[in-house]
Asker: 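Got a structure here, written out as structure tokens. Questions coming.
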Amino acid sequence: MAGGSSIDVLGQFELHPVLGGLGEALRFSQSPLYMLVAVCLVLAFLYFGMRPAAVVPGRFQAAAEVAYEFIRNMAVDTIGPEGAAFFPFIFTLFFFILAGNYIGLLPFSFTFTSHIAVTLALALLVFLLSVIVSLKVQGFRFFAHFMPAGASLALAPLLIPIEILSFLSRPVSLSIRLFANMVAGHVMFDIFASFVVMLAGFGVVGDVFAIGPIAINMALVALELLVGVLQAYVFAILTCIYLREAVAH
Amino acid sequence: MGKESDESFSKRLEAAERRSGLEKKDEKASAAEGDEKSLPALALRAGTEMISALVVGVAVGWGLDHWFHTRAIFLIIFALLGGSAGVLNVWRLVKPPQI
């Protein structure tokens, strides 16, 4: 958080041990703590949402059903009939990221999706899954994708490394996109919030002008709500697209 | 459980939907590709695609140099290849669907 007149926008992303001595011993920081919170929230949402199991759903159950259908349609429409097999994975991924993005918007909380270690781990999981599925479905024909059809053989030494690098850049771009969006949003929050603190030092005039950054921060919260769901959606839909390419014969 | 029961379930569901006049519209065909339609979002995505390919190229080149104890030859080659791969990524992102 911003302290005094200096702006420390990146301090909010620092990891500290939590839960006292036990956390200290286990090197347990906010990041895994909020991951656990996110997982528990998603599980509680589904469990308490679906517990009534009513034919005519209440609001909570309707929300859980909409969530289920939304991801299921996305998986089956994008990947094809084989997508049903990957639906649990995509559902988990989407709601884990969405919960992480939204928990980070609460004051005094921590956004675990703002660390490249977390997003890269998620992206590598997706990448390895798609490679394994490709190798299983297509066998060695998978490697033929690295040579564009119709290109002359003389260009192969140039084209194949470029295609391989383009393929390898997928998890990197997937992780950078989520991480950069979350970091940028939270840095902007901090910058505008520290403007308020700085302006408060200028007396009455400053108090009046401080309304500006506060209004901007309120608009930013709305924007971040949109960005949070959009980035989770983009992560999930790109996972679907990569898996579609993997299961295509 | 399995594919067959899944298929027969979706068939029965379809039949039930037809009976009750709840036919599904086919509007989701383009939803997969049209995830980021707005221009700033597209620009941001193109930027990350380019940067990430370059990062991967530099990382691979640096790693090969380290491995073969050469100085910068692989780094130079793979940085150029990574840049090309970034351009290729952006082209795949913005190209018209037919080509």
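Just so we're on the same page: letters track the sequence lines, and every chain starts at 1. These numbers were taken from a predicted model, which means no experiment stands behind them.
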Asker: So with a 6.0 Å cut-off around CZ of B/Phe68, is the heavy-atom count from everything else above 12?
Answerer: yes
Asker: Under 4.5 Å from any heavy atom of chain B, what part of A/Leu158 do you find: side chain, backbone, both or neither?
Answerer: both
Asker: Quick one: do A/Val172 and B/Glu49 satisfy side chain to side chain contact (heavy atoms under 4.5 Å, CB included)? Show the steps, please.
Answerer: CA-CA 8 Å; A/Val172 179; B/Glu49 293 283 357; over 6 Å; no
Asker: Is it true that B/Arg92 and A/Glu163 have a side-chain N and a carboxylate O under 4.0 angstrom from each other?
Answerer: yes
Asker: Between B/Asn89 and A/Ser169, does any side-chain donor sit less than 3.5 Å from a side-chain acceptor?
Answerer: yes
Asker: Could you have a look at B/Val87, B/Leu81, B/Leu44 and say which one has the most heavy-atom pairs with chain A under 4.5 angstrom?
Answerer: B/Leu81
Asker: Looking at OG1 of B/Thr48 and CG of A/Leu174, how far apart are the two atoms once the value is rounded to the nearest 0.5 Å?
Answerer: 9.5 Å
Asker: Once rounded to the nearest 0.5 Å, what's the spacing between atom OG of B/Ser52 and atom CD1 of A/Ile176?
Answerer: 5.5 Å
Asker: Count the heavy atoms of every other residue, nucleotide or ligand shown that sit under 6.0 Å from CG of A/Leu106, and state whether that count exceeds 12.
Answerer: yes
Asker: Of the backbone (N, CA, C, O) and the side chain (C-beta and beyond), which part of B/Leu88 lies under 4.5 Å from a heavy atom of chain A, both, or neither?
Answerer: side chain
Asker: Does any backbone or side-chain atom of B/Leu80 lie under 4.5 Å from a heavy atom of chain A? Answer side chain, backbone, both or neither.
Answerer: neither
